[in-house]
Amino acid sequence: MNKVLELIPISRLRQEQNEVLKRLAEGPVVLTQYGDAAAVLVDPDQWNQIAEELETWMDSFDALEARLALAVGEDQVLDWEEARAELDAVQA
């Protein structure tokens, strides 16, 4: 389950920036402007972890695309939509 992010008005950030920055250790903070989400503050270590995990997932996805292309006899990697159509055709 996703954690509900803390909402902080930008005006409060201006007044309490040290406290808000300390809260980033607990998780991201959503900055609001006129009641609407305007930005998300994330601890740099957490951001780096997210970026590394995303890169790993993208590498895995690329490898799966290549394996699928080989499985259907293609000599080039298919894009996701083409791969899905090929897989559906093979399963039919």
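Keep in mind that what you see is a predicted model, and the values were worked out from it rather than measured.
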K.L.:
Hey, what do you get for CD1 (Ile10) to OG1 (Thr32), rounding to the nearest 0.5 Å?
P.N.:
7.0 Å
K.L.:
Indicate if Val30 and Ile8 have the same hydrophobic cluster label, given that clusters are the connected sets of ILVMFWY residues with side-chain heavy-atom separations under 4.5 angstrom.
P.N.:
no
K.L.:
Measuring from atom CG of Asn18 to atom CZ of Arg23, what distance do you get when rounded to the nearest 0.5 angstrom?
P.N.:
11.5 Å
K.L.:
Can you tell me how far apart CD (Glu19) and CG (Leu21) are? Round to the nearest 0.5 Å.
P.N.:
9.0 Å
K.L.:
Per the side chain to side chain donor-acceptor pair (under 3.5 Å) rule, what does the pair list look like for residues 43-57, sequence neighbours excluded?
P.N.:
Gln49-Glu53
K.L.:
Using the test side-chain contact (heavy atoms from CB on, under 4.5 Å), find all partners of Asp36 that sit at least two apart in sequence or belong to another chain.
P.N.:
none
K.L.:
Give me the atom names and distance for the closest heavy-atom approach of Leu41 to Val20.
P.N.:
CD1-CG1, 4.1 Å
K.L.:
For Arg67, enumerate each residue passing the side chain to side chain donor-acceptor pair (under 3.5 Å) test, keeping only those at least two apart in sequence or located in another chain.
P.N.:
none
K.L.:
Given a cutoff of under 4.5 Å between side-chain heavy atoms of I, L, V, M, F, W and Y, with clusters grown through shared members, what are the other residues clustered with Met58?
P.N.:
Leu54
K.L.:
Give me the atom names and distance for the closest heavy-atom approach of Leu5 to Pro28.
P.N.:
CD2-O, 3.8 Å
K.L.:
Just to verify, what does Glu16 make a side chain to side chain donor-acceptor pair (under 3.5 Å) with, not counting sequence neighbours?
P.N.:
Arg12
K.L.:
Connecting only ILVMFWY residues whose side-chain heavy atoms lie within less than 4.5 Å of each other, what is the rest of Leu64's hydrophobic cluster?
P.N.:
none
